[in-house]
Amino acid sequence: MSSISVQVNEPCIEASWKAALGEEFQLPYMQQLRGFLRKEKDAKKIIFPKSADIFKAFEYTPIEKVKVVILGQDPYHGVGQAHGLCFSVPPQVQLPPSLQNIYKELEDDLGIKPVKHGCLVSWATQGVLLLNSVLTVEKGLAASHQGKGWEIFTDKIISILNQQSRPIAFVLWGSYAQKKGAVIDATKHLVIKSVHPSPLSVYRGFFGSKPFSQINQFLLKTHQTPINWQLPENP
């Protein structure tokens with residue numbers, strides 16, 4: 001199924017997530033979103049990521065394996081960058097500035113030297129759900145698909161995770177993510193907040209926030225396996 005409109009209507013989404021979401025894909029807002037994406041496609045607009053990657057974050061991180069959620073805003077809008085995981089880019093793609101800053105904080109926090117690629121699949125397969133709030137974007141136009149329905153869908157995802165019995169670490173970088181994560185029960189889950197790792201804000205509290213060690217300390221405290229944040233040299 002190569003059509004984005006078909007993907008949204010009958011998504012190739014991982015089984016545990018599809019079961020948890022129930023009839024979400026049949027609700028009016030999702031039908032409207034499907035219509036919007038069909039119209040954009042008919043207008044020959046280029047949409048990222050490719051349709052097969054829209055729900056990729058769920059494929060790598062089934063619901064029962066989620067230990068950490070890192071919440072992004074919308075996909076990268078440059079050619080070849082977006083592949084369905086927030087902040088991540090495919091191997092061989094130049095590292096975006098925000099990801100470079102994440103790597104710098106990782107090294108400062110845990111002493112882990114940055115790798116030369118930006119593919120975060122290794123984190124995702126260990127239980128780090130790399131979730132964008134909006135799952136598609138038009139080429140070259142950041143935030144172009146905001147307000148079209150994706151936010152309702154990802155709010156549902158956050159709600160499902162908030163209701164899980166096991167404690168989960170939620171990482172909310174920037175005011176947008178913090179507002180979206182306002183429903184999270186901080187008495188049960190760990191909620192880590194700071195400014196966004198963007199070069200525009202990184203020096204106002206992201207550097208020095210030590211999120212990675214906080215996450216692993218929390219996972220150990222709640223009898224869960226910590227994340228190995230060291231990415232492989234060759235993903």
Q: May I ask you to check whether over 12 heavy atoms, not counting those of Q230, lie within 6.0 Å of atom CD?
A: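 More than 12 within 6.0 Å, yes.
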Q) Around atom CD of Q164, are there more than 12 heavy atoms of other residues, nucleotides or ligands at under 6.0 Å? A)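 Atom CD in Q164 is crowded, with more than 12 foreign heavy atoms closer than 6.0 Å.
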Please list every donor-acceptor pair under 3.5 Å in which a side-chain atom of residues 70-84 meets a protein atom from a residue at least two apart or in another chain.
| residue | atom | partner | partner atom | Å |
| --- | --- | --- | --- | --- |
| D74 | OD2 | A143 | N | 2.6 |
| Y76 | OH | F87 | O | 2.8 |
| Q81 | OE1 | G78 | N | 2.9 |
| H83 | NE2 | S88 | OG | 2.7 |

Less than 4.5 Å apart, any side-chain heavy atom of [X] and any of [Y]?
X	Y	result
L33	M30	yes
V128	I215	no
E40	H145	yes
F206	E105	yes
L172	V191	yes
I54	P49	yes

Q: State yes or no: are the ring centers of F218 and H189 separated by less than 6.0 Å?
A: no
Q.
In this structure, is the centre-to-centre distance between the rings of F153 and Y29 below 6.0 Å?
A. no
Q) Parallel, tilted or perpendicular: which describes the rings of F212 and W123, with under 30° parallel and over 60° perpendicular? A) tilted
**Q.** All ring pair (Phe, Tyr, Trp, His ring centres under 6.0 Å) counterparts of F207, not counting sequence neighbours
**A.** Y203
(Q) Going by ring pair (Phe, Tyr, Trp, His ring centres under 6.0 Å), name the residues that satisfy it together with Y60, two or more places apart in sequence or in a different chain. (A)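 Applying ring pair (Phe, Tyr, Trp, His ring centres under 6.0 Å) to Y60 gives none.
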Inter- and intrachain pairs under salt bridge (charged side-chain N to carboxylate O under 4.0 Å, His left out), touching [range], at least two apart:
range	value
residues 202-230	D108-K210
residues 111-123	E107-K113
residues 92-104	none

(Q) Hydrophobic cluster membership, with links at side-chain heavy-atom distances under 4.5 Å among I/L/V/M/F/W/Y: are I13 and I63 in one? (A)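 Yes, same cluster.
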Q | Between K180 and T154: side-chain donor-acceptor atoms closer than 3.5 Å | A | yes
Q. Under 3.5 Å, is there a donor-acceptor pair between the S133 and W150 side chains?
A.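 Side-chain D/A pair, S133 to W150: absent.
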Q. Hey, is the main chain of A124 close enough, under 3.5 Å, to the side chain of T61 for a donor-acceptor pair?
A. yes
